[in-house]
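Everything on this sheet refers to the single structure shown next.
Computation of the quantities below employed the complete heavy-atom set of this structure, encompassing side-chain atoms and omitting hydrogens, waters and symmetry-equivalent molecules.
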Amino acid sequence: MSIFGGPKRLGLALGSGSARGLAHIGVIKALEQAGLRPDVVTGTSMGAVVGAMYAAGKTPEELEAIATSYDIKSLLALADVALQRGAVMAGEKVEAFLAEHLPERFEDLKLPFGCASTDLTTGHGVKHTAGDLRRAVRASLSIPVIFAPVTGDGHVLVDGFLTDPIPVALARQLGAEVVVAVDVCGSGTVTADDGQQDSGLVRDLISVLRGEPRQRRRGTSGLEVLSASVEIMERHVAQNALRSADVVLSPDVHGYPGYDFVSAADIIAAGERAGRAAVKAIARKARRQAAG
């Protein structure tokens, strides 16, 4: 604990959001540039991936290089179709990616780190803070139907966005006295398209795969309605965590589709802008002197 009047332990709670979660890299970059290095990091889904890699010792610049190195071909190479397992992807290639960039266990990290998943056998959230790091992160990012769940020991673990999309309480559990929550939830909206239900998601996905300019909008096809509905639920679940945070950052990425990883550079830049704008507030709450 900090002494009276001294600096406080700073925690960073990185929210779920698929591709939008790459904004976390920019936030971390801005905080480090201001001399506000977190003492504790937690994350859910993409927040778990970024947070774990940062806690393992990767710099913001290294994280940015990894995120921006993927083109359409390399992104598609991560997809291992596994419809027979009740999901679009088995997740084995993602597991290989995690093994490339993360140590085996939480205890090997350089910073205290925790991530959240959801156990479908109980309907409750799970907080991961020790043991098998890669398995925990893999569980945290396992979007239902998209990735096969992580199973074993009587558990069926899926994405933590269902129960703890922005793990603020977990950051406090790990010793943070001041917690910065980073909200990268989707907008949860669609655009009325007068019955043109082939617009929006399908057209946008095709544009992404072709590398074409596109508008960030969604129509009212079944998949688009489902996506927006999930985002509304995610945002609703996140409200308690956001209210309990000391500082909330909300980078301007809410309109990006969750699959838009080819916009990594723009998403990271949005996170950096949000981080810079919050530096003074964070420094004041954490009783620290910001650089610059």
Side-chain angles (χ1 to χ4, degrees), residues 1-15 17 20-44 46-69 101-103 108-115 166-184 241-254 256 263-292:
M1 300 290 288
S2 62
I3 61 173
F4 179 77
K8 294 186 175 184
R9 285 175 60 80
L10 179 61
L12 196 57
L14 306 177
R20 294 181 298 272
L22 297 177
H24 299 317
I25 298 171
V27 169
I28 293 170
K29 184 176 181 180
L31 297 188
E32 281 217 346
Q33 288 175 344
L36 300 174
R37 193 170 192 270
D39 301 296
V40 172
V41 181
T42 60
T44 296
M46 183 55 71
V49 177
V50 173
M53 293 173 92
Y54 180 64
K58 291 194 182 295
T59 67
E61 290 74 23
E62 289 173 327
L63 293 173
E64 185 171 12
I66 293 169
T68 56
S69 66
H101 295 289
L102 294 176
D108 298 323
L109 295 171
K110 300 180 184 301
L111 287 175
F113 169 76
C115 62
I166 309 175
V168 172
L170 181 54
R172 296 198 194 280
Q173 178 183 318
L174 291 174
E177 298 171 276
V178 170
V179 180
V180 176
V182 186
D183 168 24
V184 291
L242 293 174
R243 283 191 290 267
S244 67
D246 297 283
V247 179
V248 174
L249 276 64
S250 186
D252 184 20
V253 297
H254 306 291
Y256 282 91
S263 293
D266 293 336
I267 292 171
I268 292 169
E272 189 172 355
R273 289 193 296 272
R276 286 200 302 266
V279 160
K280 289 184 179 179
I282 295 170
R284 184 171 60 253
K285 289 281 186 178
R287 297 177 183 167
R288 299 188 185 186
Q289 183 67 44

Answer yes or no: is there a side-chain heavy-atom contact under 4.5 Å between [X] and [Y]?
X      : Y      : value
Arg37  : Leu111 : yes
His254 : Asp183 : yes
Met46  : Val184 : no
Val50  : Ile28  : yes
Pro112 : Arg9   : yes
Leu174 : Val41  : no

Compare every heavy atom of [Y] with every heavy atom of [X], then report the nearest pair and how far apart it is.
X      : Y      : value
Val253 : Ala270 : CG1-CB, 3.6 Å
Val182 : His24  : CG1-ND1, 3.4 Å
Ile25  : Ala67  : CD1-CB, 3.8 Å
Val40  : Ala171 : CG1-O, 3.9 Å
Val178 : Asp246 : CA-OD2, 3.3 Å
Leu249 : Ala274 : CD2-O, 3.9 Å

Original post:
Looking just at side-chain N and O atoms, do Glu32 and Tyr54 make a donor-acceptor pair shorter than 3.5 Å?
Top reply: yes
Side chain of [X], backbone of [Y]: donor and acceptor closer than 3.5 Å?
X     : Y      : answer
Glu62 : Thr59  : yes
Thr42 : Pro167 : yes
Thr44 : Gly47  : no

**OP:** Show your working on side chain to side chain contact (heavy atoms under 4.5 Å, CB included) between Leu12 and Leu31 and close with a plain yes or no.
**Re:** CA-CA 10 Å; Leu12 196 57; Leu31 297 188; 4.1 Å; yes
How far does [atom1] of [X] sit from [atom2] of [Y], to the nearest 0.5 angstrom?
X      : Y      : atom1 : atom2 : answer
Asp108 : Phe113 : CG    : CZ    : 13.5 Å
Ile267 : Arg20  : CD1   : CZ    : 8.5 Å
Leu22  : Thr68  : CG    : OG1   : 9.5 Å
Leu14  : Cys115 : CG    : SG    : 11.5 Å
Lys58  : Leu63  : NZ    : CG    : 7.5 Å
Lys8   : Arg288 : NZ    : CZ    : 11.5 Å

**OP:** Tell me, with the steps shown, if Val27 and Glu272 meet side chain to side chain contact (heavy atoms under 4.5 Å, CB included).
**Re:** CA-CA 5 Å; Val27 169; Glu272 189 172 355; over 6 Å; no
Original post:
Do NZ/NE/NH1/NH2 and the carboxylate oxygens of Lys29 and Glu61 come within less than 4.0 Å?
Top reply: no
